Structures are given as C-alpha cells and as structure tokens.
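Computed from a predicted structure; not experimentally measured. First the proteins, then the strands, lettered A, B, ... as listed; each starts at 1.
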Amino acid sequence: MKSFEVAAHDFDLALTLDSGQTFHWEKEGPGFVGAIGERAVNVEQRGNVLHVREVEPSSSGSQRAALPGIIARYFALDHPLAEICASLPDDPTMQAAVGYCRGLRIMRQPRWECLATFITSSMKQVAHIRQISFVLRKRFGTRHGIRGAQVDIFPSAGKLGGLTEKDLRDCGLGYRAKNLLATAERVASGEADLESWRALPDDDLRAKLCALPGVGPKVANCVMLFAYERLRAFPIDVWIERVLLQKYFSPRRRLTARQLQEFTAKHFGENGGYAQQYLFHHARKTTPRRLSPRVR
DNA sequence: CTCCAGGGATGAT
DNA sequence: ATCATCCATGGA
C-alpha cells in the first residue's frame, strides 16, 4: 500500500475536521478516513507532516491526478493563515476564538457534496448531519476498499436526483428530502451549473444558490465559504447569532437579519468567513449547553 | 420526558 | 420589508 507525505504548517487536521465544515471524516486509529471528491484516503498528522494512504476503489480505472496536490488544495494549506489571523478584528471575543482555533483552516470542498450536505443541515445538530451523510453514502454512494477501512463516497447529483422523495425520507431527512431531491435534479440536468458559477461575483453567486430549493442565506453562505473560496461569506446560524448579540450588542437589543449581516461585513471584513468559523467553533466547544444564555 | 438543532418556505401584516 | 408558523427527526 503506497503512502506519501505532505508538508502542512500552521495546520491542525483534527481541529479542522471537527469544526462543522465537513461531515463525513471518521477517526480511524491515529488518523482519519474520508474522501476528497472521488478519492478515498487515510490521513494521519504527525507534527507538520500529513501521512496519506489512498484507499483504492474496487475497480480502479482511468488515469488519476496527483494526490499530494489534491490534499494540499482540499485542506487549503496554501492559505496564508498568519496573515489571515492578523487581519481579523482585535476585539476580545475574536481574539479568544483565534487563540482557541490555531491551525483551523477553511477547506475547499467539492461543490455538490457541500451543497447537498448543508441542505440537509437545516435545524439539525452536527451529529445528526453526520448521520444523514453516513446513510446517504452507505445506501447510494460508491464504495472504496475491500476489507479493513471502507470509504463510501458521497453520491452524485445524478444518483440522488434519480431517487424518490421516500428514498430520501427513509434516510432520516424529514422535510428536507423534497428540497434535496429537487436541487439534485436541477444540478443533474445542468439547469444549475455549479462549476460555471465559480466565475460569478459574490452577490450573483449567492442569488443563484438561494434560488435552489432548500437553500437560503445561511446555507448559501456556507457553500460559498466552504466550496467556492469566498472567504468574506459569513453564515449566521443560531450559535453565531447568539455570539453576535451577546458579545457585540446589548443582550436584548432587537436587530433584523439584514442589520446583523451589515455589521458582520463591516466588522470582520475580507476574511469574515474565517472569523465566523473561529467564533462558531469556539462557542460550540466551550459553551456548556445547559448554561448557554438564552436569547429571545 | 423536554428542549433544541450550522433554516427555509410560505402567508399574513 | 419584517414577522409567525410550520416543517420531521433524533441527540443530549
């Protein structure tokens, strides 16, 4: 089994994979198994080096691109993390989160998988989003590996678009099934061309995404941030809303979603997506659920 | 058991 | 434009 190394400075693999960006990586001994697009891999971090083994598909076919470059791109090892952190605002809340999230990078995920999993994320805890991803991959994905660690690759839009709403409801999606199916059909037909949307400016891209069933401002911003390299995108979920209202405004002040988005754009700036991810992860990992202050 | 989760679509003000 | 309500499911 061939293995290779990838240099990774200012990077924390476990922290990054546990930060709620991606939902399919699983701990396997000292490393993690998962997939990057169609490539299934086992990745273990030792210091500043990633040790990578590929989990071969049962029928390996055509020529394949070099994996080291794919790894580096997926984990965004080229992001100038020190520069990005230095660009974040110098307020106490932000700096506490920055200190807590050293080595956390915003990954570059495949567009369809990212879009699909965040459609399933609405009103779901991270643990259950992972469960839904698991069942979708198990039932409808393509399997790599014969024995030992198996990896099931996330099903394509064509695959999911060919299913019925009941097939998806049976995976625990609830009311999200209809939306995922409808969006999968649009992507599969080419009516929604996720790849070509790369070229669009932020506002146009967000509008395209929000026109898809099951996609509103929050999910659109997640997909922009995690799959389109739009580091300004600032998704506001219940956690982030709590942090913003509690730490950046007075507790019982009323703000519209629009006002909140305007504030984040101005205060957190060009790397707002990193700010958001650090605030999110810090809050989620350090706030005891019972003691979490209730807003509203 | 209850409470709530990386929200969105819809219809009423 | 903003708000209320509903939508399914399961982790904690």
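A donor-acceptor contact closer than 3.5 angstrom links the side chains of A:H267 and A:D91.
Contact check for A:T264 versus A:Y248: no side-chain heavy atoms found under the 4.5 Å cut-off.
Heavy-atom distances to DNA chain C give each of A:Q131 and A:T256 a nearest nucleotide, and the one nearer the 5′ end belongs to A:T256.
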- Which parts of nucleotides 7-13 of chain B does protein reach within less than 4.0 Å, heavy atoms only, written one letter per nucleotide 5' to 3' as B for base, S for sugar-phosphate only and - for none? BSS----

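Centroid-to-centroid, the aromatic rings of A:H79 and A:Y274 come within less than 6.0 Å. The aromatic ring centres of A:F226 and A:F118 sit less than 6.0 Å apart. For A:F11 and A:F75, the ring centers sit closer than 6.0 Å to each other.
A donor and an acceptor atom never sit less than 3.5 Å apart when one is taken from the side chain of A:R258 and the other from the base of C:dA1.
Between A:R254 and C:dC3, a side-chain N or O to OP1/OP2 separation shorter than 4.0 Å is present.
At least one test fails for A:K159 against the ring of A:F140: distance under 6.0 Å to the centre or angle within 45° of the axis.
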- Message: Let me check I have this right: for DNA chain C, each base becomes ., (, ), [, ] or |, based on Watson-Crick or G-U pairs with both distances under 3.5 Å. What is the full string?
- Response: |||||||.||||

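The nucleotide whose nearest atom lies closest to any side-chain atom of A:R242 is, among C:dT2, C:dG11, B:dA5, B:dA5.
For the P atoms, the distance from B:dG11 to C:dA8 is 15 Å, rounded to whole Å.
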Distance-only criterion, 3.5 Å: show the donor-acceptor pairs between side-chain atoms of residues 173-182 of chain A and protein atoms not counting sequence neighbours.
from: A:Y175; atom 1: OH; to: A:S122; atom 2: OG; distance (Å): 2.9
from: A:R176; atom 1: NE; to: A:S122; atom 2: O; distance (Å): 2.8
from: A:R176; atom 1: NH1; to: A:L173; atom 2: O; distance (Å): 2.9
from: A:R176; atom 1: NH2; to: A:S122; atom 2: O; distance (Å): 2.9

